[in-house]
Amino acid sequence: MATKSTTAERPRAAAEPGRLAFVCVLSWLIPGAGHLLQGRRDKGLVFLVLLPLMFGIGLWLQGRLFPLELSDPLVFLGAIADRGIGLPYLIAYAADAGAGLVTASSYEYGNTFLMTAGLLNFLVILDAFDIAKGRK
Amino acid sequence: MPHVPTSHFLLMALYALLVSVVFATLMKDTRQEQVRTAAMMFGGFLAAALALGWLMFPFPL
């Protein structure tokens, strides 16, 4: 028989708009925190560990954190994806990490890891939102 | 400059593993389903990458 991964998997009543916003912002800032806050401990821990790890691997692989440049749409979209990870991005930005080394053979892999970590966190935010709305 | 792995297969496998686990955790609620989904997704990623790699051999881009 399958066991539930967390103790609070039942749908619940929808949260107030203020709490919904709080869950989304917290979930963006700290990947998995929105799930942890709502009792989805196992899922939250997986996101809390794996998404920052993925972001860190991207930096290690000499990936670049793209600037918000509207003149280049692809760079702009990459920049949005990079920022999806929240606090790890802010820490990397403050530490001047993520300059990228375009001559490194792992450069494109690094970019892919960085952007995917942010994009996956956007999905995690949506999942936390659905839980707060009582849809899951 | 830090030493970074340059094996494309290793990096692709690591990427596929992380994405599979996160997707499976998002999609499924029980641990058993999550493990099964992550394993299937990971295998699918690797199989698709190897198949596409071989397809690009006779038809280079």
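Within every chain, numbering begins at 1; the chains are lettered A, B, ... in the order of the sequence lines, protein sequences first and strands thereafter.
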How far apart are the C-alpha atoms of A/Tyr109 and B/Tyr15, what are their side-chain angles, what is the distance that settles it, and do they pass the ring pair (Phe, Tyr, Trp, His ring centres under 6.0 Å) test? CA-CA 9 Å; A/Tyr109 280 103; B/Tyr15 177 83; 8.2 Å; no
Taking a hydrophobic cluster as the set of Ile, Leu, Val, Met, Phe, Trp and Tyr residues connected by side-chain heavy atoms closer than 4.5 Å, whether directly or through intermediates, do [X] and [Y] fall within one such cluster?
X        : Y        : value
A/Phe129 : A/Phe47  : no
A/Phe66  : A/Leu101 : no
B/Met12  : A/Tyr107 : no
B/Met27  : A/Leu119 : yes
A/Ile80  : A/Val75  : no

Do B/Val19 and A/Met54 have side-chain heavy atoms sitting under 4.5 Å apart?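 With C-beta onward as the side chain, the pair touches.
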Rounded distance [0.5 Å steps], CG in A/Leu123 versus OG1 in B/Thr25: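 So the gap between those two atoms works out to 12.5 Å.
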Could you state the interatomic distance from CG (B/Leu26) to CG (A/Leu126), rounded to the nearest 0.5 Å?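 One finds 9.5 Å between CG of B/Leu26 and CG of A/Leu126.
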Interface residue of largest heavy-atom contact number with chain B, from A/Leu120, A/Asp127, A/Ile57, under 4.5 Å: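 Of A/Leu120, A/Asp127, A/Ile57, A/Leu120 has the most heavy-atom pairs under 4.5 Å with chain B.
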If you check every heavy atom in residues 87-100 of chain A against those of chain B, which residues fall under 4.5 Å?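 Counting heavy atoms that sit under 4.5 Å from chain B, no residue of residues 87-100 of chain A is involved.
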Between A/Lys43 and B/Asp29, is the closest basic N to carboxylate O distance under 4.0 Å?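 Salt bridge flag = yes for A/Lys43 with B/Asp29.
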Heavy atoms only: give me the nearest B/Leu11-A/Phe113 pair and the separation to one decimal.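 Shortest heavy-atom contact: O-CZ, 3.8 Å.
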Is it true that, when you exclude B/Phe23 itself, more than 12 heavy atoms of the residues, nucleotides or ligands shown sit nearer than 6.0 Å to its CZ?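 Atom CZ in B/Phe23 is not crowded, with 12 or fewer foreign heavy atoms closer than 6.0 Å.
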